[in-house]
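The block underneath contains the structure these notes are about, expressed in structure tokens.
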Amino acid sequence: MNSSTGPLDDLRSAVLAAAAALAEAGPRSTPTLERPRQADFGDLSTNAAMLLAPVLRAAPRDVAGRLGEELTARLGDRLAKVEVAGPGFLNLFLDDAWFGDALRGVLAAGDAFGGGGARAAAERVNVEFVSANPTGPMHVGHARNAAYGDALARILELHGHAVTREFYVNDHGSQVRRFAESIRARARGEDVPEDGYRGDYVTELASLDDGEISLEELGRRGVAAMLERAAATLDRFRVAMDVWYSERSLHDEGKVKHAFDVLAEQGATYTSEGALWLRTTAYGDDKDRVLVRSSGEHTYFASDIAYHQDKRERGFQRLVDVWGADHHGYINRMKAAFEALGGDPAELELLIMQFVQLAAGRMSKRSGEFVTLDDLVDEIGVDAARWFLLHRSHDTTIELDLELAKRESAENPVYYVQYAHARIAGVLAKAGHDEADVAFADRTLPLEPGERALVMKLLAFPGEVAEAADRRAPHRIAAYALELAQEFTAFYRDCRVVGAEVEDFRLALSIATKRTIARALGLLGVSAPDAM
RNA sequence: GCGCCCGUAGCUCAGUGGAUAGAGCGCUUGCCUCCGGAGCAAGAGGUCGCAGGUUCGAAUCCUGCCGGGCGCGCCA
């Protein structure tokens with residue numbers, strides 16, 4: 001737990017201390033400290049007095065007045081002015097020196113800026129995502145899952161957690177057999193079976209079948225080939241998995257048996273109608289679930305339980321699974337199973353990605369019936385694709401019209417953000433500044449509104465990272481990056497940098513902005529070019 | 001029928017108790033002697049699905065409806 005992650009947190013502490021001076025119990029909930037919509041409401045505003053009023057049984061505006069006095073006593077000349085406004089807001093006007101120190105703080109934080117604000121202790125986190133079946137190419141749904149899981153991992157890392165990125169490989173079971181049968185049929189020039197795989201990619205794998213090998217071996221080779229493609233596609237999409245975890249290995253290494261033993265010890269399994277069941281209803285599921293079918297075959301659920309038990313035994317403090325919306329009906333049973341294994345259900349997070357809906361009538365021809373991740377990257381590039389997939393909340397469906405996306409890619413806001421970054425690089429080049437020396441003298445000329453606004457926006461970054469991390473919401477970083485770029489552009493419009501009397505300050509501000517844009521884009525896996 | 005997600009500007013969507021609800025795209029009108037015009041400024045455009053409730057205060061929390069998506073296998 002850090003005592004301070006920046007000037008905003010110092011102010012927040014001062015507000016809380018001032019509140020505590022008025023009422024020992026403090027406000028009934030955490031006060032806000034945020035940038036008001038209107039400039040004449042000050043640099044920052046807090047609702048602390050309104051939260052305190054019921055506790056003190058006093059009028060909110062009176063409480064605000066007293067709170068302002070307490071705050072003034074604590075902050076001295078850093079606080080240029082306080083005003084009581086509206087129903088009881090307290091608007092804070094900060095001194096120029098405060099902004100100068102704040103900017104120095106941003107620059108001094110260097111690569112750590114934005115991180116270190118973890119509200120909870122750092123954890124070892126396993127993020128399992130994509131996990132596309134190795135029997136077909138990855139489509140846009142996997143692309144969204146990949147972009148989201150990877151960005152979440154990057155955000156959690158900056159936030160201070162130790163993250164493992166993991167891909168669960170479904171290389172076991174009937175689908176692999178059907179995949180092998182499909183390849184063999186193509187190798188022989190026959191039609192694929194009724195329930196087989198039909199894409200051209202299956203035909204392309206026909207050479208794997210020399211006619212001698214077993215169906216099982218052919219399945220292994222087919223899966224290996226598909227995984228190689230998946231890894232290449234993900235690499236191109238800037239996703240680097242740490243672990244590719246084989247479902248088959250769970251069976252081969254006795255981990256399924258082990259998980260069954262753990263469940264049996266807890267008395268959570270029973271046999272009925274020739275099948276082995278897990279009593280998930282004891283943990284909130286609507287019905288019990290089969291682990292071993294009466295035929296003797298294990299269900300997919302059995303593998304998944306063993307997989308999660310293995311993750312627990314590998315010492316992660318938090319497990320995050322990123323699933324597609326079509327799996328949400330699976331949540332209760334997985335949570336139940338996790339609890340039956342002895343796990344704390346709070347340590348298992350099952351995040352559901354809503355679908356990418358394809359605009360009707362604009363399907364890709366290449367893969368037959370869907371737009372693949374590779375298609376998307378081919379058409380609009382990694383930066384635009386990742387931005388498009390990440391800039392909305394994961395729990396809302398997004399609509400993809402590939403033709404429209406192509407046409408509009410030049411108008412994509414991601415380029416606006418990148419442009420701001422490149423423009424700063426241009427300004428620095430013109431000033432002959434190498435970004436090494438970011439020192440600046442204390443201001444004698446008053447700060448311009450654009451300068452104050454830009455510093456404030458920079459200071460908001462650590463809080464945004466914390467929110468994005470805690471709420472598993474990378475899209476907030478995209479929104480922040482756009483706002484920061486807009487704030488810089490307004491500053492750039494109003495404040496001459498090169499040759500200005502306060503050039504040193506403005507160069508330092510520009511550099512801090514450039515780094516923060518690059519960092520925010522980096523969290524999304526989007527590049528920040530110096531020229532475009 | 002039950003469960004999960006969604007319903008906010010023409011379109012795509014931010015906004016999980018605070019001041020006059022925002023952005024991008026699209027549309028209208030201006031702006032290239034000016035550090036990068038992939039830009040800037042101004043403007044039009046809203047019953048925040050509907051109805052109750054909680055609160056000093058609700059797009060936000062609760063309840064019930066309506067509409068859309070998805071899921072309810074001894075499939076994976």
Side-chain angles (χ1 to χ4, degrees), chain A residues 29 31-32 34 36-38 41 45-47 50-51 53-54 59-60 85-89 91 131 133 135 170 172-176 178 195 247 272-277 286-304 324-333 350 352-355 357 388 391-401 404 407-408 410-420 422-431 467 471 473 475-476 478-480 482-483 486 489-490 492-500 503 506-507 510 531-532:
Chain A
S29 62
T32 57
E34 57 192 9
R37 221 182 304 285
Q38 290 183 52
F41 287 167
S45 126
T46 178
N47 66 350
M50 288 184 281
L51 299 176
F89 288 100
N91 295 336
S131 299
N133 279 333
T135 52
N170 302 127
H172 180 85
S174 60
Q175 57 169 354
V176 177
R178 283 189 285 115
D195 56 354
E247 179 186 0
S272 172
E273 300 170 53
L276 181 68
W277 296 72
D286 344 351
K287 51 178 293 193
D288 290 343
R289 307 291 173 174
V290 171
L291 299 177
V292 182
R293 293 194 272 269
S294 46
S295 68
E297 286 177 287
H298 292 67
T299 60
Y300 176 83
F301 189 40
S303 302
D304 224 0
D326 53 340
H327 282 68
H328 75 257
Y330 199 72
I331 290 177
N332 282 344
R333 81 188 68 167
L350 305 173
I352 295 301
M353 299 297 301
Q354 292 302 319
F355 287 141
Q357 303 233 323
F388 173 79
H391 83 300
R392 297 307 182 201
S393 164
H394 71 277
D395 58 17
T396 189
T397 56
I398 52 179
E399 189 175 327
L400 171 65
D401 181 328
L404 192 65
R407 224 180 311 127
E408 286 183 351
E411 304 301 322
N412 191 317
V414 71
Y415 297 117
Y416 178 93
V417 179
Q418 290 182 320
Y419 184 75
R423 184 182 249 171
I424 296 171
V427 171
L428 295 176
K430 188 175 180 74
E467 282 286 298
R471 290 164 59 174
H475 74 280
R476 298 180 71 93
Y480 173 78
L482 182 59
E483 290 165 10
Q486 285 171 330
T489 303
Y492 175 84
R493 179 191 67 230
D494 297 335
C495 304
R496 177 90 196 173
V497 176
V498 180
E503 182 185 278
R506 287 177 179 169
L507 283 171
S510 298
M532 39 193 307

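Residue A:R333 has no polar side-chain atom (N or O) positioned under 4.0 Å from OP1 or OP2 of B:C72. A close approach under 4.0 Å does occur between a side-chain nitrogen or oxygen of A:K287 and OP1 or OP2 of B:C74. Neither OP1 nor OP2 of B:A38 sits under 4.0 Å from any side-chain N or O of A:Y415. Distances shorter than 4.0 Å separate none of the side-chain N or O atoms of A:Q486 from OP1 or OP2 on B:G39.
Nucleotide B:U8 holds its C1' atom 12 Å from the CZ atom of A:R392, rounded to whole Å. Note: NE2 (A:H327) to P (B:A76) measures 11 Å, nearest angstrom. Rounded to whole angstrom, the span from the CE atom of A:M50 across to the P atom of B:A19 amounts to 9 Å. Here the P atom of nucleotide B:U12 and the CD atom of A:E399 are 6 Å apart, to the nearest Å. Rounded to a whole Å, the NE2 atom of A:H391 is 7 Å from the C1' atom of B:G24. Atom CZ in A:R493 sits roughly 8 Å away from atom P in B:C40 (whole-Å rounding). If you take CG of A:N332 and P of B:G73, they are 13 Å apart, rounded to a whole angstrom. Taking atom CG of residue A:D326 and atom P of nucleotide B:A76, one finds them 15 Å apart after rounding to whole Å.
Side-chain atoms of A:H298 and A:S303, non-hydrogen and from C-beta on, never get closer than 4.5 Å to each other. Taking the side chain as every heavy atom from C-beta outward, A:Y330 and A:L350 never approach each other to under 4.5 Å. Between A:I424 and A:Y492, every side-chain heavy-atom pair lies at or beyond the 4.5 Å cut-off. Under the 4.5 Å side-chain criterion, counting only non-hydrogen atoms from C-beta, A:D395 is not in contact with A:I352. With contacts defined as side-chain heavy-atom distances shorter than 4.5 Å, the pair A:Y419/A:T489 does not qualify.
When distances are taken from the side chain of A:Y330 to each of B:C74, B:G15, B:A76, the shortest belongs to B:A76. When distances run from any side-chain atom of A:T489 to the nucleotides B:G39, B:C35, B:A14, the shortest one goes to B:G39. Comparing B:A38, B:G73, B:C5 by their nearest atom to the side chain of A:Q354 picks out B:C5. Taking only side-chain atoms of A:Q357, from C-beta outward, the nucleotide of B:C34, B:C6, B:G69 with the closest atom is B:G69. Checking B:A76, B:C35, B:C13 against every side-chain atom of A:R293, the shortest atom distance belongs to B:A76. Closest to the side chain of A:Y300, from the set B:A19, B:A76, B:A38, is B:A76. Ranking B:C6, B:G69, B:G3 by closeness to the A:H328 side chain, first place goes to B:G3.
A donor-acceptor contact under 3.5 Å is not formed by the side chain of A:R37 with the base of B:U20. For B:A19, the base has no donor-acceptor partner in the side chain of A:N47 [N/O atoms by modelled type, under 3.5 angstrom]. Residue side chain A:T396 does not reach the base of B:C13 through any donor-acceptor N/O pair under 3.5 Å, judged by distance alone. Judged by distance alone, with hydrogens and angles left aside, A:S45 brings a side-chain donor or acceptor within reach of the base of B:A19, the pair sitting under 3.5 Å.
For B:G30 and B:C66, the C1' atoms lie 45 Å apart once the distance is rounded to whole Å. Atom C1' of B:G24 sits at a distance of 15 Å from the matching atom of B:G45, rounded to the whole Å. Distance noted for atom C1' between B:A58 and B:G71: 31 Å (whole Å). Rounded to whole Å, the C1' atom of B:G15 lies 16 Å from the corresponding atom of B:C61. Look at the C1' atom in both B:A44 and B:A9: the space between them is 11 Å, to the nearest Å. Comparing B:C4 with B:U47, their C1' atoms sit 29 Å apart, to the nearest whole Å. Rounded to whole Å, the C1' atom of B:G68 lies 29 Å from the corresponding atom of B:U54. The gap from the P atom of B:C56 to that of B:C13 amounts to 37 Å, rounded to the nearest Å.
Proximity of a side-chain donor or acceptor of A:T299 to a complementary backbone N or O of A:V290 within less than 3.5 Å is detected. Judged by distance alone, with hydrogens and angles left aside, the side-chain atoms of A:Q175 form a donor-acceptor pair with the main-chain N or O of A:N170 at under 3.5 Å.
Counting any heavy atom pair closer than 4.0 Å across all strands shown, A:E273 reaches a base atom. Residue A:G426 is classed as a base contact, given a heavy-atom separation below 4.0 Å to a base. The residue A:A325 sits close only to the backbone: its heavy atoms come under 4.0 Å of sugar-phosphate atoms, none of a base. Within the 4.0 angstrom heavy-atom criterion, only backbone atoms of the sugar-phosphate kind lie near A:Y416; the bases stay farther away. A:I331 comes within 4.0 angstrom of no nucleic acid atom, judged by non-hydrogen atoms across all strands. Among the atoms of the strands shown, only primed sugar atoms or phosphate atoms (P, OP1, OP2) are found under 4.0 Å from some heavy atom of A:F355. Across all strands shown, A:S393 has heavy atoms under 4.0 Å from sugar-phosphate atoms exclusively, and none from any base. Counting any heavy atom pair closer than 4.0 Å across all strands shown, A:T397 reaches sugar-phosphate atoms only and no base atom. Nucleic acid contact class of A:D286 (heavy atoms, under 4.0 Å, all strands): none. Using a 4.0 Å heavy-atom criterion, one finds that A:A429 contacts no nucleic acid atom at all. Across all strands shown, A:L291 has no heavy atoms under 4.0 Å from either base or sugar-phosphate atoms. In this structure, A:A53 reaches neither bases nor backbone, as no heavy-atom distance under 4.0 Å exists between it and the strands shown. Counting non-hydrogen atoms under 4.0 angstrom, A:A500 reaches nothing in the nucleic acid. Nucleic acid contact class of A:D304 (heavy atoms, under 4.0 Å, all strands): none.
Aromatic stacking of A:Y492 on B:C35: satisfied, with centres closer than 5.5 Å and planes within an angle under 30 degrees.
Counting only Watson-Crick and G-U wobble pairs whose two key distances fall under 3.5 Å, RNA chain B forms stems of three or more stacked pairs at B:1-7 with B:66-72, B:10-13 with B:22-25, B:27-31 with B:39-43, B:49-53 with B:61-65.
When every heavy atom of A:N91 is checked against every heavy atom of A:S45, the shortest pair comes out as OD1-CB, 3.2 Å. Between A:Q354 and A:A325 the shortest heavy-atom distance is OE1-CB, 3.7 Å.
Toward the 5' end of RNA chain B, the nearer of the two residues A:N170 and A:H394, judged by each one's closest nucleotide, is A:H394. A residue-by-residue look at A:G173 and A:F388 shows that A:F388 has its nearest nucleotide of RNA chain B further toward the 5' end.
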